[in-house]
Each structure stands twice: as structure tokens, then as C-alpha cells.
2 protein chains.
Amino acid sequence: MKKSRRIIAEQEKVDKRDSLSQILNAAAVAFMENGFAATSIDTVADVLGSTKGKIYYHFKSKTDLFLAVHQDSMTQYVNAIERIALGGGTPEERLRGVLRALALQIMTRFAFSRVAVQGVELHMSRSTTPAQRKTLRSVIEMRDKGEQIFVDIIAEGVASGQFRRCEPRLIVKPMLGAMNWMTMWYRPRADETDESREALAASIIDYLIFGIRAEP
Amino acid sequence: MKKSRRIIAEQEKVDKRDSLSQILNAAAVAFMENGFAATSIDTVADVLGSTKGKIYYHFKSKTDLFLAVHQDSMTQYVNAIERIALGGGTPEERLRGVLRALALQIMTRFAFSRVAVQGVELHMSRSTTPAQRKTLRSVIEMRDKGEQIFVDIIAEGVASGQFRRCEPRLIVKPMLGAMNWMTMWYRPRADETDESREALAASIIDYLIFGIRAEP
DNA sequence: GTCTATAGCGGGATAGAC
DNA sequence: GTCTATCCCGCTATAGAC
């Protein structure tokens, strides 16, 4: 296996006895590299260290496998930021908290995060079964729920005067975009530490809170 | 042709006598919708209103076609921001100018912009000819050149004290990410005007300059 | 449960007509 | 220059062995 692929695959501490988790993880790594359409089930099997027979025993189709990865990614993400949003603190403290959770999610679950970003792009309108469409709808609902968490915190901060007057929905797009764009340029490295990840997250979050202008 | 596709295709005022531009435009629209791997040459031909014979007469392969669209997109973008960066004004004025040019580029050349974003993702390491690799290198160089323009303006503003003390390279990633992420949620609409586009660009740029915190 | 073998087809690319 | 017809490879998905 390629070195970069190994680093990313090893981010997930997968229970070696759980076939399903192993497959999801291998699929995330494979889809991450070349996208849904350009990734063959044989490639996923290669990453997994088996043949595609194993995959088709657990998943009905390539689309189902992709959606399962996508759903797993979104579930963990929304759970993480929801917990923080419901915790205490000022709007700014909570906004920093959810942004930090998103940044760390992207860095420490990189393959899954990239699949989630791809999934937003894919319509998959054609050739989807009703069951697949149902899964896709639930994933989109989770994404919207996650975005709403950010909107609510910002609206609260505007109401309290801590944030400047603005339309929260218009702020959320560039704010989350700046974070999600990490999936384009960031790549996990073997020599990373919790501290280096926190530092990177903090520098981005500071920018997203303060902007670039010097205090007058 | 689908309505949304028609709106986007008509953004480009293509010279009806120029086969090459017509093909590039049709390819951009097709690739925009489903990505490189999932788009067949027959689909591009459909958008073009011809058969794939015409396309293969002008382009050696699907990869060459994609790279031509990508190159066209990046060339226009870099030319646009370079002109503005070399003009006069304070660092903040010029930063606003290049951000505005990027935002308008994404909105008014939407299909090409989405291809450019995809292209960054595609490694295309396998099955590329030396000529293709050369094109890909030149496109990547253009992208880096564009990013450097932003870095330089920010560094200048930091030096002059107009911008807060920061590492320009770390600011540029989220700043451009916020803009490029528009390709994920923005969609051209038939009822748009120059004014509505300027307003949207301005709201994003204000956020990227000021951040979200109220003045203390 | 996982493997091997293969059916079936979509789509890239080409040859040759016009 | 553009179209039609076709070759052929690669990949999804399945059948059947173990």
C-alpha cells in the first residue's frame, strides 16, 4: 500500500474483528483518493487486503457502500458539534468550539471527511433505488442540521451584540467553506501531533472570527 | 437540454463560428454536472448538439479535453486578478478587488470554475501522456501564481500595519477556500443581475475582511 | 463468509463513409 | 470536418465452489 494511504488508513483504530468497519474504512480511503466514479470495487478490496467477494457479501452495490461511508462520516460530525453547541459558554466560545470540532474531524478522520465533501457534489439522481434515496435524504438532513447549529449560534451572538450585525445564513457559507476547503489542501502526515493540529485549527479559527483587518 | 444546464451554458457568449470554443463550453457544462469520470464523451456531444466524432477530431482524448477546459478556466482567472493586483490602491482596496474578481469569475463562468475546482482534486497521475503532464504542470503553476498574488497583497498589508499581524500563507487558505466553496452551493439563476451578484460578493468579502466579531 | 470465474454492458477510442 | 459503426477494455455484479 502507498505510504500516504497507509498513514490515512491508520488514523482509524478499527476493531480488527469487525468486518463492516474494516470495509467502511477501506472504502473511505479508496474513495478519498480518486472519487466515487473512478474508484473500482477491486481497488477497495486491494486496500482491504481481500477480494471483492467480501465486499459484495456485506453491501449490495458500490453506491450503497459509498452512501454508508458518507452516512458514517456525517453522523460522527453532527454528533460531535451538537454536543458542543448544547454545552455552556458565550456564543463566541461555542462558535470556536464547533469550528474546532469540525477542523479536528477533517484532520483526524480525513478519508471520511473527503467522502462527505464529495457526497455533497454527487447528485446520484440516476440509478438510485428508493432505499438509496432514503439514505441520501437522511444524510442531507444531517448536513442541514449541522449547518443550522452554526446559524443559531451566530444569530445568538448577533442578538447579544457580541457579533457584528449580519445575516447569519450568509456568513455561514464562507465560514464553513473555509473549513471544508481544508479537504483540498490539508493532508495527514506521520509526524503530526495533537498540538500541531490544534495550532492549525486555532490559526484558521482566529481568522474566521477576527478577519484580517488590524484594530483601528 | 435541462433548464439549469441551459442557463449555465448561455453564460458564455460563444462565437458560433468557433468550433473549439463551442466544444470547450459544452465540455465545461457536462463536466460541471457529474465530474470528469462520470461524464461520457457522448454526453458532451449531446450538450454540443452533435456526435463525438466532432470532439475527437479536435481533441485526442477525454483527458486532453478536460485539461483544455481547466487551462482555459485558470488562464482567464489569473489574468483577471493579475490586472487588478498590479493596479493602484491600498492593500485592502486591492485585496477587495481580487476577491471580487474571483467571486464574479465563479458566478459568471460557473461551469469553468467548477471544472477548475475538480481539476485540483484530480491527480491524474496514471495514464497521462508527457504532453498532458506538461499541461497539468502549467495549470498548477498558474494556480500557485494566483495564490501568490493574494499572499503578496496580504504581506504588504501586514507590513504597512493595515492588516493584523499574521502568517499570510495561513490566511490565504481559508480566505480562498471560503470563495472557492461557492462552487458547492451557488447556482446561476435566470433572474440574476449584475447588482445581485455584486451584493453577494460584497457580503462575503466583508466577512473575509472583518471577521464576525463586533468592534469592542 | 470469502474466494474464483465470468456474464454483461457502458463508454473510450478508431476506421472509414460522406 | 462531421457522422456512423464498431472494436475492445474495464468494471459492476452475480453464480457457484469451498
Side-chain angles (χ1 to χ4, degrees), chain A residues 14-27 29-31 33-70 115 118 122-132 135, chain B residues 14-70 115 118 122-132 135:
Chain A
V14 174
D15 186 338
K16 290 289 183 284
R17 290 160 305 184
D18 184 351
S19 281
L20 243 143
S21 299
Q22 283 178 50
I23 295 172
L24 281 183
N25 197 46
V29 170
F31 287 138
E33 289 189 327
N34 292 313
F36 174 77
T39 301
S40 74
I41 296 286
D42 284 306
T43 303
V44 177
D46 277 352
V47 176
L48 187 56
S50 89
T51 66
K52 57 183 164 191
K54 181 170 183 175
I55 294 166
Y56 277 108
Y57 177 77
H58 289 277
F59 293 90
K60 292 222 304 276
S61 72
K62 181 174 146 178
T63 301
D64 285 276
L65 175 58
F66 182 86
L67 287 174
V69 175
H70 195 353
V115 169
Q118 285 175 42
L122 290 183
H123 313 61
M124 289 182 159
S125 42
R126 353 133 270 185
S127 79
T128 47
T129 66
Q132 287 169 358
T135 304
Chain B
V14 173
D15 186 337
K16 289 290 181 284
R17 290 159 304 182
D18 183 349
S19 281
L20 244 144
S21 298
Q22 284 179 50
I23 295 172
L24 282 183
N25 198 45
V29 171
F31 287 138
M32 166 203 70
E33 289 189 324
N34 292 310
F36 174 76
T39 302
S40 73
I41 295 288
D42 284 306
T43 302
V44 177
D46 277 352
V47 177
L48 188 56
S50 92
T51 65
K52 57 184 167 190
K54 181 171 182 174
I55 294 167
Y56 276 108
Y57 177 78
H58 289 278
F59 294 91
K60 291 223 304 274
S61 71
K62 181 174 148 179
T63 301
D64 285 277
L65 176 57
F66 182 86
L67 287 174
V69 175
H70 195 353
V115 169
Q118 285 175 43
L122 290 184
H123 312 62
M124 288 181 158
S125 41
R126 352 132 269 187
S127 77
T128 45
T129 67
Q132 288 171 356
T135 304

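Every chain is numbered from 1 and lettered A, B, ... according to where its sequence line falls, protein lines coming before strand lines.
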If I compare all heavy atoms of A/Ser19 with all of A/His58, which pair ends up nearest, and what's the gap? CB-NE2, 3.8 Å
Would you confirm whether B/Thr135, through its side chain, and B/Ala131, through its main-chain N or O, come within 3.5 Å as a donor-acceptor pair? yes
Would you name the heavy atoms of A/Leu24 and A/Ala68 that are closest together and state the gap between them? CD2-CB, 3.7 Å
List the atom of B/Lys54, the atom of B/Gln22, and the distance in Å for their closest heavy-atom pair. NZ-OE1, 4.2 Å
Once you measure the plane-to-plane angle for B/Phe31 and B/Phe36, does it fall in the parallel (<30°), tilted (30-60°) or perpendicular (>60°) bin? tilted
When B/Val115, B/Asn25, B/Val29, B/Ile23 are each screened for side chain to side chain contact (heavy atoms under 4.5 Å, CB included) with B/Val69, the one that passes is B/Val115
How would nucleotides 6-12 of chain C be written as a contact map, 5' to 3', with B for base contact, S for sugar-phosphate-only contact and - for no contact, using protein heavy atoms under 4.0 Å? -----SB
First and last nucleotide of DNA chain D, 5' to 3', lying under 4.0 Å from heavy atoms of chain A: D/dC11 to D/dT14
Whether the A/Ser61 and A/Asp64 side chains hold a donor-acceptor pair (N or O, under 3.5 Å, no angle test) is what I'd like checked. yes
